[in-house]
Amino acid sequence: MSGKRFLTPLRLFTLGLLGVGAIAAGVIAFLNSDGDEAPVSAAIAGIYGQDTPPATLPEKLLPGLVLLTPHQLALIPETDGFQSPCGTAAGGFVYDAQPFNTHNAPRGGHHTGCDINGIGGEDTDLGLPVNASARGLVVYTGEPSPEWGKVVVLAHRLPGETRVIQTLYAHLNTSIVRLGQLVGRGEPIGTIGTANGHYKAHLHFEAISSICTEAGQPAYSQSGTMNRLNPQKLIATHPAPAVPDAYEIIRRLRVREAALQQPATPAADMPAGTIPVKPSQFL
């Protein structure tokens, strides 16, 4: 054989294992080392570092525009339409005291929403329910400033669109939803207030095209309405069907189903009107 050595199948297998081991060791060393990887900018780290369970996010508004997290964006539901947040679903028993984009000289700009009052005017609507205008995700609940009072912001997706629409409910007397909660169209989210006594009782209602936290933020134009939408036009363009939100009905049935599955709960203690069905069969 003149001293030549040939690679036997066993030697080939051994060399292959050594090669795979060397590659794996290199990959692990690369992943575990600081190496020459470009550092993540503070801005990006601040955005994606907030991709945590919504319940752990701060209640107060942070300065500047805060992008909704990937977690929040993934949870935003598709609406089946919009309705009036006060009075009847069609807007009965309320009126628009200051329509969208009207010039407000004392405030020094254009109105970025609409002010919804009960037909009695003044403070006669103080404490009346404020309902979700559409099925949505609570992306803000807090008090950005004393003049804003309690604020709730819901995020929605229009049918067949990827654009995020937010509805903002301000000057509330009470807020009864939590950050990260999914609410059905028409579900109570708070009550009409006075923004800590700064105004007569009314609901300041806005519609906003944005993926940022918008509570207490100015709009982005000289007129003050660039990324604000006309709430009344939004409701007219995408009207809700004249039936309750199916999401809310199914959710309530599922709550009842969960209660029925608790052996310690006597049937006699169930709320009046409880329907002994298993709606999860239809999902």
Side-chain angles (χ1 to χ4, degrees), residues 50 54-69 72 75-76 82-86 94 96-98 100 104 107 109-118 123 125-156 164-183 185-220 224-225 227-231 234-235:
Q50 293 186 49
T56 67
L57 295 176
E59 181 186 43
K60 297 291 186 180
L61 178 67
L62 299 177
L65 293 175
V66 181
L67 283 174
L68 301 182
T69 69
Q72 290 172 311
L75 291 176
I76 296 173
F82 293 82
Q83 66 180 50
S84 173
C86 299
V94 295
D96 190 350
Q98 185 176 190
F100 173 76
N104 188 325
R107 302 290 293 179
H110 291 75
H111 198 218
T112 55
C114 59
D115 286 344
I116 300 179
N117 278 89
D123 285 332
D125 51 2
L126 178 63
L128 292 182
V130 174
N131 305 315
S133 181
R135 182 188 312 158
L137 174 73
V138 180
V139 295
Y140 180 85
T141 174
E143 188 167 317
S145 72
E147 292 78 11
W148 273 94
K150 293 182 177 63
V151 175
V152 170
V153 182
L154 305 181
H156 326 268
V164 173
I165 300 295
Q166 297 181 37
T167 51
L168 179 148
Y169 311 77
H171 312 336
L172 301 178
N173 188 47
T174 59
S175 167
I176 59 173
V177 293
R178 67 184 185 279
L179 191 64
Q181 180 179 344
L182 286 166
V183 297
R185 172 174 50 82
E187 182 177 351
I189 60 175
T191 57
I192 292 177
T194 62
N196 300 305
H198 283 85
Y199 315 104
K200 294 294 185 181
H202 70 279
L203 173 70
H204 176 77
F205 179 53
E206 293 187 9
I208 311 164
S209 178
S210 177
I211 59 170
C212 293
T213 301
E214 293 283 351
Q217 298 289 355
Y220 319 139
T225 61
N227 77 324
R228 264 50 174 184
L229 309 175
N230 186 330
L234 179 68
I235 294 173

**Residue pair Val177 / Pro188: nearest heavy atoms and the distance that separates them** = CG1-O, 4.3 Å
**Distance (rounded to the nearest 0.5 Å) between Glu206 CD and His111 NE2** = 7.0 Å
**Request:** Answer yes or no: is there a side-chain heavy-atom contact under 4.5 Å between Tyr140 and Val66?
**Result:** no
**Request:** Run the numbers on Phe205 and Ile235 for side-chain contact (heavy atoms from CB on, under 4.5 Å), then give the verdict.
**Result:** CA-CA 12 Å; Phe205 179 53; Ile235 294 173; 4.2 Å; yes
**Request:** Measure up the His204 and Trp148 rings against each other and bin them: parallel (under 30°), tilted (30 to 60°), perpendicular (over 60°).
**Result:** perpendicular
**Spatial distance of atom CD (Gln181) from atom CD1 (Ile189) [nearest 0.5 Å]** = 10.0 Å
**Asked** Of all heavy-atom pairs between Ser175 and Val152, which one has the smallest distance, and what is that distance?
**Response** OG-CG2, 3.3 Å
**Request:** Could you go through the side-chain contact (heavy atoms from CB on, under 4.5 Å) check for Val94 and Leu128 one step at a time?
**Result:** CA-CA 11 Å; Val94 295; Leu128 292 182; over 6 Å; no
**Fill in**
Residues Ala132 and Leu154: closest non-hydrogen pair is CB-CD1, 3.6 Å
**Prompt:** Any idea which heavy atoms bring Asp125 and Gly118 closest together, and the distance?
**Reply:** OD2-N, 2.8 Å
**Message:** To the nearest 0.5 Å, what is the distance between CD1 on Ile192 and CG on Leu172?
**Reply:** 9.0 Å
**Asked** So, the side chain of Asp123 versus the backbone of Ala201: is there a donor-acceptor pair under 3.5 Å, distance only?
**Response** yes
**Fill in**
Shortest non-hydrogen pair, Val151 vs Ala215, comes out as CG1-CB, 4.0 Å
**Prompt:** Considering only heavy atoms from C-beta outward, does the side chain of Val153 approach that of Thr213 to under 4.5 Å?
**Reply:** no
**Request:** Answer yes if the side chains of Ser133 and Thr167 hold a donor-acceptor pair under 3.5 Å, and no otherwise.
**Result:** no
**Prompt:** Looking at CG of Leu137 and CG of Leu179, how far apart are the two atoms once the value is rounded to the nearest 0.5 Å?
**Reply:** 8.0 Å
**Request:** Examine distances only and state if a side-chain atom of Gln166 and a backbone atom of Ser210 form a donor-acceptor pair shorter than 3.5 Å.
**Result:** yes
**Asked** Minimum heavy-atom separation for Leu67 to Cys212, with atom names?
**Response** CD2-SG, 3.6 Å
**Rounded distance (nearest 0.5 Å) linking atom CG of Asp96 with atom CG of Asp115** = 7.0 Å
**Asked** How long is the span from the CD1 atom in Ile176 to the CD atom in Glu187, to the nearest 0.5 Å?
**Response** 7.5 Å
**Request:** Side-chain contact test, heavy atoms from C-beta onward, threshold under 4.5 Å: evaluate it for Glu214 versus Arg228 and give yes or no.
**Result:** yes
